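These notes are about the structure you will find just below.
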Amino acid sequence: MAYETIIVEVEDHVATLKLNRPDALNALNSHLLGELSQALAEADRNDKVRCIIITGSQKAFAAGADIKEMSEKSYVDMLMSDFFGSESNAITATRKPIIAAVSGYALGGGCELAMMCDFIIAADTAKFGQPEINLGVIPGLGGTQRLTRFIGKSKAMDMVLTGRFMDAEEAERSGLVSRVVPAKSLMEEARAAADKIAEKSMISTVVAKEQVNVAYEMTLSQGLLSERRAFHALFNTEDQNEGMAAFMEKRSAQFRDR
Ligand code: CO8
């Protein structure tokens, strides 16, 4: 399907979704987030796709929600449309792994979109921030919640209350991103990570993603039980037989998602 605000490329087992509003530094408006949700749902349904990358341009992953779109809205408009509610739910409902490949600005909703992905690979040019306080509002897509879980209260308060930007090195040191790579090799590194993920059994990949996310929603004892039961259940798959047999036979596993 053709989109206006994102470019979708499926190559081998990886779908790359590139945010494409260059004149607005990829600001997230309803149209873009609607298309992104649709493209993610499509990638989730496509049996060929085993991993997804969301990226932006060199200058901006996304410089936030579109301030021009929001500026005229009233409380009632926001409430009654549940502004960006269904789109953000659709993004986090994606079952396949999503890597955010971030170069340049990831601000406000852009930083929050990156945090909705499963992990973030940052170019050394990346800048993260929650500057909504400068607009007289607060983060609305997870910046007070996910960011606090990622980097802890003190740094999250610092970012959210001052609106300052964090560079890639600080973001890695703080646990916001999983790795920092030179800007010129960002897509190559993201692609290599996606290819690695694509080699695994899709069954254990989907279950692993679910279980890491369980850690954000449950107590430790509930989470550990959930993980153990999911682990037990994987012993009902051909891919578990194959993975363990391949180890013992000193060959690489040929997973068939069964
Ligand atoms: N929204 C709309 N347009 C934008 C945005 C944005 N967030 N960011 C940049 N643009 C536009 C600019 O207006 C400009 O367009 P034009 O040429 O037509 O004036 C173009 O992109 C280029 O931007 P700049 O000229 O400003 O580029 P600079 O290199 O000088 O500056 C910055 C880059 C520092 C990134 C600067 O553009 C900036 O500060 N942008 C705004 C950052 C920001 O405040 N982001 C937070 C937005 S609010 C938000 O994200 C809330 C999310 C929660 C939603 C909740 C739903 C429930």
Side-chain angles (χ1 to χ4, degrees), residues 3-7 17-38 40 54-94 98 100-117 120 122-151 155-171 176-177 183 186:
Y3 297 103
E4 287 167 4
T5 58
I6 56 174
I7 298 168
L17 280 43
K18 186 176 180 337
L19 311 183
N20 188 37
R21 292 190 70 212
D23 296 342
L25 301 184
N26 292 333
L28 309 170
N29 60 11
S30 307
H31 189 42
L32 185 151
L33 282 180
E35 291 195 334
L36 186 63
S37 322
Q38 273 184 50
L40 284 169
I54 298 182
T55 194
S57 66
Q58 277 186 1
K59 180 162 181 191
F61 177 74
D66 191 315
I67 301 167
K68 292 167 192 165
E69 181 181 28
M70 288 184 298
S71 63
E72 300 294 315
K73 293 202 185 287
S74 68
Y75 168 69
V76 174
D77 296 334
M78 296 301 258
L79 176 75
M80 297 315 286
S81 65
D82 191 22
F83 196 68
F84 288 173
S86 62
E87 292 88 347
S88 56
N89 289 341
I91 294 165
T92 53
T94 309
I98 310 175
V102 174
S103 176
Y105 296 110
L107 304 178
C111 184
E112 294 167 311
L113 171 62
M115 291 190 289
M116 284 182 224
C117 298
I120 303 173
D124 50 12
T125 56
K127 286 190 177 60
F128 297 87
Q130 298 291 164
E132 290 91 339
I133 199 89
N134 298 326
L135 301 169
V137 290
I138 66 165
L141 286 171
T144 64
Q145 302 301 303
R146 289 197 181 91
L147 187 66
T148 306
R149 285 167 163 83
F150 278 50
I151 68 176
K155 257 190 196 292
M157 281 287 191
D158 178 357
M159 303 289 295
V160 168
L161 296 180
T162 69
R164 79 172 174 90
F165 300 168
M166 199 184 242
D167 66 18
E169 189 275 321
E170 185 182 5
L176 177 57
V177 311
L186 175 67

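Note that ligands are numbered from 1 as they come in the structure, with each ligand's atoms numbered from 1 the same way. Counting from 1, the numbers follow the sequence of the chain as shown. What you are looking at is a predicted structure, and each value in this text was computed from that prediction instead of being measured.
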Would Gln58 and Thr125 count as having a side-chain donor-acceptor pair, cut-off 3.5 Å?
-> no

For atom 15 (O) of ligand 1, is the nearest protein heavy atom under 4.0 Å away?
-> yes

Of all the atoms in ligand 1, which lie at a distance below 4.0 Å from a heavy atom belonging to Leu135?
-> 44 (O), 47 (C), 48 (S)

Only heavy atoms count here, so choose which of Ser88, Gly140, Pro139, Ala63 is nearest to atom 45 (N) of ligand 1.
-> Ala63

Considering all protein heavy atoms, does one lie under 4.0 Å from atom 18 (O) of ligand 1?
-> yes

What do you reckon, is CE of Met78 surrounded by more than 12 foreign heavy atoms closer than 6.0 Å?
-> yes

Do any nitrogen or oxygen atoms of Leu141 come within less than 3.5 Å of a nitrogen or oxygen of ligand 1?
-> no

Answer with yes or no whether the side chains of Ser74 and Asp77 bring together a donor and an acceptor at under 3.5 Å.
-> yes

State, yes or no, whether a side-chain contact exists between Leu32 and Glu69 at a heavy-atom distance under 4.5 Å.
-> no

Please check atom 36 (C) of ligand 1 for a protein heavy-atom neighbour under 4.0 Å.
-> no

Non-hydrogen atom of Asp23 closer than 4.0 Å to ligand 1 = yes

Using distance alone, decide if ligand 1 has a nitrogen or oxygen within less than 3.5 Å of any nitrogen or oxygen in Tyr105.
-> no

Is Lys59 in contact with ligand 1, taking contact as a heavy-atom separation below 4.0 Å?
-> yes

Numbered in order shown, the ligand 1 atoms found under 4.0 Å of a heavy atom of Phe83 are 56 (C), 57 (C)

Can you list every side chain to side chain donor-acceptor pair (under 3.5 Å) pair that touches residues 59-68, not counting sequence neighbours?
-> Arg21-Asp66

What do you think, any protein heavy atom under 4.0 angstrom from atom 39 (O) of ligand 1?
-> no

Which bit of Glu112 gets closer than 4.0 Å to ligand 1, counting heavy atoms only: side chain, backbone, both or neither?
-> side chain

Please examine the side chains of Asn20 and Pro22, heavy atoms only from C-beta on, and report whether any two atoms are closer than 4.5 Å.
-> yes

Does Leu107 reach ligand 1 with a nitrogen or oxygen that is under 3.5 Å from one of the ligand's nitrogen or oxygen atoms?
-> no

Heavy atom of protein inside 4.0 Å of atom 23 (O) of ligand 1, strictly below | yes

Out of curiosity, Met116 CE to Leu40 CG, how far, rounded to the nearest 0.5 Å?
-> 10.5 Å

So is Gly108 polar-close to ligand 1, meaning N/O to N/O under 3.5 Å?
-> no

Ligand 1-proximal atoms of Ala65, by part, heavy-atom distance under 4.0 Å | both

Is there a side-chain contact between Phe128 and Val102, using heavy atoms and a 4.5 Å cut-off?
-> yes

Is the shortest heavy-atom distance from the side chain of Ile54 to the side chain of Phe61 under 4.5 Å?
-> yes

Decide yes or no for Lys127 and Met166: does some side-chain heavy atom of the first lie under 4.5 Å from some side-chain heavy atom of the second?
-> no

Looking only at distance, does Ile67 have an N or O less than 3.5 Å from an N or O of ligand 1?
-> yes

